There are 2 protein chains.
Amino acid sequence: MIGAVEPDAIQGAFRALADPTRRGILLHLSNQDMTIGEVADQFDITRAAVKKHLTILEEGDLISVRVSGRERINHLEPATLKSVSDWLGYFNRYWDDRLARLGDAIENHEAVESISPTGKQK
Amino acid sequence: MIGAVEPDAIQGAFRALADPTRRGILLHLSNQDMTIGEVADQFDITRAAVKKHLTILEEGDLISVRVSGRERINHLEPATLKSVSDWLGYFNRYWDDRLARLGDAIENHEAVESISPTGKQK
DNA sequence: TTGACATAAAACCTTTTGGTATCATATAAC
DNA sequence: GTTATATGATACCAAAAGGTTTTATGTCAA
């Protein structure tokens, strides 16, 4: 009965993140851009399989690709990862009240000093 | 060639989060505990399908279940969601330098005032 | 230009996934 | 004690996932 109450773009990202190889690829790309071959060297699967993973990461907007001659250079695209993090952020209040209040303070442009760094207030 | 450089527990959580129905269930459970039937009322699929989703959420440690008579009461388990958030947090520095420094400050128990709330320093 | 190299693309295979329908069982209500 | 209710458990199905192998294509280098 319910429609998804979330930005549609996030589905492709969550789908891409569900596979451990793809998460590993993201970690590698966070250090440096890589061609398909360079990525494939890091895993025990064929280049073709790696290419499929990279396609899914691209569909999820987690990476972008620049073609240079015969090479495809894969580059981490952090913006969509932030969307995912924001979605999870909805649950922040369940695991860290203090962090939630810090976040509120930032949102409201309040003085950060009003929150003690040593303990919970309120 | 590389082994996953991540806590093993996170895989079940990412797998569970990959499906939009399951993410919807988590949002519902964040408001209140629910039986299978109550969850199923919120979606256009059979109870059996909902039950499968709940099983996957439980396997991913995103929910816990308490049996009460003939009912199964499903309860959001935020701790694992935090693990997922922490994994994503690794990429924080790519999308928000200031927030990363705030986090560092908290970790190090430094004075929060050292970071201006109005703009980036350094 | 010839060969080596990086990738593309397609066909194919097995397992997992998301769903259904059906039947069984335990419990609550009357 | 019956009956309705909430869930469990199976069997089944189509599509998607994750992989491989093979064949083709464009590009760099000698």
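Basis for what follows: all heavy atoms, side chains included, without hydrogens, waters or symmetry-related copies. Predicted model only: the values in this text are computed from it and were never measured. Throughout, a chain's letter reflects where its sequence line sits, starting with A, and its residues are numbered from 1.
B:L26 is listed as a side-chain neighbour of B:I63, based on a closest heavy-atom distance under 4.5 Å. A heavy-atom distance below 4.5 Å is found between the side chains of B:R15 and B:E59. Between A:L62 and A:E77 there is no side-chain heavy-atom pair separated by less than 4.5 Å.
Atom-to-atom, CZ of A:F43 to P of D:dT20 comes out at 13 Å; the value is rounded to the nearest Å. Rounded to whole Å, atom P of D:dG19 lies 12 Å from atom CG of A:L54. Atom CD1 in B:I45 sits about 15 Å away from atom C1' in C:dA21, given to the nearest Å. One interatomic measurement links the two molecules: CG of A:D41 to C1' of C:dC5, which rounds to 13 Å at whole-angstrom precision. Distance, B:F14 CZ to D:dA17 P: 17 Å, rounded to whole Å. Computed from coordinates, the A:E59 CD to D:dG18 P distance equals 12 Å when rounded to whole Å.
Taking a 4.0 Å limit (strictly below) on heavy-atom distances, residues 63-74 of chain A reaches DNA chain D at A:G69, A:R70.
Applying the 4.0 Å criterion to OP1 and OP2 of D:dT20, one finds that A:T46 has a side-chain N or O inside that range.
For A:A48 and B:R47, each mapped to the nucleotide of DNA chain D holding its nearest heavy atom, the one lying further toward the 5' end belongs to B:R47.
Judged by distance alone, with hydrogens and angles left aside, the side-chain atoms of A:Q11 form no donor-acceptor pair with the main-chain N or O of A:G60 at under 3.5 Å. Here the side chain of A:T35 pairs no donor or acceptor atom with the backbone of A:E71 at under 3.5 angstrom. Side-chain atoms of B:R66 never come within 3.5 Å of backbone atoms of B:H75 as a donor-acceptor pair (strictly under, hydrogens ignored). Judged by distance alone, the side chain of B:S30 and the main-chain N or O of B:L27 form a donor-acceptor pair under 3.5 Å. Judged by distance alone, the side chain of B:T55 and the main-chain N or O of B:K51 form a donor-acceptor pair under 3.5 Å. Within the 3.5 Å criterion, the main-chain N or O of A:L17 finds no donor-acceptor partner in the side chain of A:R22.
Residues A:I73 and A:V39 do not share a hydrophobic cluster, clusters being chains of Ile/Leu/Val/Met/Phe/Trp/Tyr side chains in contact below 4.5 Å.
Comparing the axis of the opening five pairs of the helix from C:dT1-D:dA30 to C:dC30-D:dG1 with that of the closing five pairs yields an angle of 30°, rounded to 10°.
Between the CG atom in B:N74 and the CG atom in B:L57 there is a gap of 8.5 Å [rounded to 0.5 Å].
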What pairs of nitrogen or oxygen atoms, one from the protein and one from nucleotides 14-18 of chain C, lie under 3.5 Å apart?
residue, atom, partner, partner atom, Å
C:dT17, OP1, B:R15, NE, 3.1
C:dT17, OP2, B:R15, NH2, 3.1
C:dG18, OP1, B:D19, OD1, 3.4
C:dG18, OP2, B:R22, NH1, 2.9
C:dG18, OP2, B:R22, NH2, 3.3

